[in-house]
Amino acid sequence: MAFGEYWDSCNYTDSVLDYDQDSHRLQTLNWCEATGGKASAFDFTTKGILQDALRRNERWRLADPEGRPPGTMGLWPSRAVTILDNHDTGSTQNHWPFPSKNIQEGYAYILTHPGTPCVFYDHLYSAYQSGERSLDSLRKERSSRKLRKPLHDLIALRSKHGIHARSSVKILQATGDLYAAIVDDKVAVKLGPAEWEPQAQGIQLGRGKQPKLAVSGFQFSVWEAADA
């Protein structure tokens, strides 16, 4: 697998992220196209939209006007390498960090959706493990420990159901405090503080199977078919 990055600023108006980020994601797609379609790229469009959508309680940003995911994954998912942070945006450089409160919710999104998701090393392992014993490093270690189980569970669920770079997404709701979607007719995903369950909506998964809760955490839940 080959992938790189085309990192440019998202589109803003008066310091507020624009809803329309088509020109931003097209820059990344053009970069991939210039490689003959052989290389993927970090989906910075998804990162920018996702972190603002969760931080500002604006999950309506997670559906474009055509009802697709709004980042690169919505147009060419097999070339979208989805991330919350990397060595530039997070870590010690901290140029454009994902809001720490919403990290679980962010991973619930990219680990259940198309594209090729990456888990950032610093979100699992803190500086404490390399010998640093500062109070800040201890706090990071406690935070990363809280992340490990939901992350491992989400990764296992993705593998179990064969969710892949070209998986299909049906967005059911995208409002301020709620995002709900069905992926490959295998899992149902809910983000946000609003109450929502697929059972209450009469949603079935697979071949008419009832959903059961598979993984949950801070402001997210993921369901699978009851006999999966």
Side-chain angles (χ1 to χ4, degrees), residues 10-11 16-22 24-25 43-75 77 80 82-85 98-119 123 147 150-151 153-155 157-158 161 163-205 211-225:
C10 290
N11 304 320
V16 177
L17 185 74
D18 292 345
Y19 171 67
D20 184 357
Q21 296 292 329
D22 275 357
H24 187 267
R25 63 179 173 177
D43 190 349
F44 287 117
T45 314
T46 288
K47 170 182 164 55
I49 293 170
L50 182 62
Q51 63 188 39
D52 261 37
L54 304 187
R55 176 173 49 216
R56 298 167 65 94
N57 215 32
E58 297 175 347
R59 290 165 188 81
W60 46 264
R61 294 181 179 276
L62 297 178
D64 74 7
E66 304 300 321
R68 304 168 299 192
T72 304
M73 73 155 77
L75 295 182
T82 51
I83 62 168
L84 300 193
D85 274 319
F98 203 87
S100 57
K101 183 183 77 170
N102 301 108
I103 288 174
Q104 285 192 34
E105 196 178 352
Y107 277 118
Y109 182 80
I110 68 171
L111 288 172
T112 59
H113 279 58
T116 303
C118 288
V119 174
H123 290 158
L147 269 174
L151 279 176
D153 289 347
L154 285 164
I155 291 167
L157 191 73
R158 182 182 183 90
H161 292 287
I163 298 170
H164 54 86
R166 295 179 176 85
S167 288
S168 63
V169 180
K170 181 181 180 182
I171 298 173
L172 304 177
Q173 294 196 50
T175 61
D177 59 0
L178 174 64
Y179 171 85
I182 304 293
V183 181
D184 278 351
D185 199 28
K186 294 177 179 178
V187 299
V189 184
K190 190 273 288 190
L191 307 180
E195 294 289 334
W196 187 90
E197 292 186 353
Q199 302 92 323
Q201 309 298 317
I203 293 169
Q204 297 179 327
L205 298 172
K212 70 172 181 179
L213 186 64
V215 187
S216 63
F218 179 69
Q219 294 192 168
F220 84 85
S221 297
V222 185
W223 294 262
E224 64 182 357

Looking at residues at least two apart in the chain, or sitting in another chain, which of them share a side chain to side chain donor-acceptor pair (under 3.5 Å) with [X]?
X: Tyr109; value: none
X: Arg56; value: Glu58
X: Ser167; value: Asp184
X: Asp18; value: Thr13

Donor-acceptor pairs are to be reported for all side-chain atoms of residues 192-200 against protein atoms at under 3.5 Å, with residues two or more places apart or in another chain.
from: Gln199; atom 1: NE2; to: Pro211; atom 2: O; distance (Å): 3.3

With sequence neighbours left out, the residues meeting salt bridge (charged side-chain N to carboxylate O under 4.0 Å, His left out) with Asp177 are none
Residues at least two apart in sequence or cross-chain that pass ring-ring contact (aromatic ring centres under 6.0 Å, His included) with Tyr107, listed by chain then number, are His123
Suppose we screen for side chain to side chain contact (heavy atoms under 4.5 Å, CB included). Which residues come up paired with [X], at least two apart in sequence or across chains?
X: Ala225; result: Leu205, Lys209, Asp227, Ala228
X: Asp153; result: Lys149, Val215
X: Cys118; result: Val81, Ile83
X: Pro99; result: Gln51, Arg55, Asn102

[X] side chain near [Y] side chain, heavy-atom distance below 4.5 Å:
X: Ile103; Y: Glu105; answer: no
X: Ile49; Y: Arg25; answer: no
X: Val169; Y: Pro114; answer: yes
X: Ile171; Y: Tyr179; answer: yes
X: Pro65; Y: Tyr19; answer: yes

Please, which pairs that meet salt bridge (Lys or Arg N to Asp or Glu O under 4.0 Å) have at least one residue in residues 211-223, sequence neighbours excluded?
-> Lys212-Glu224
Flag, side chain of Arg158 to backbone of Leu111, donor-acceptor distance under 3.5 Å | yes
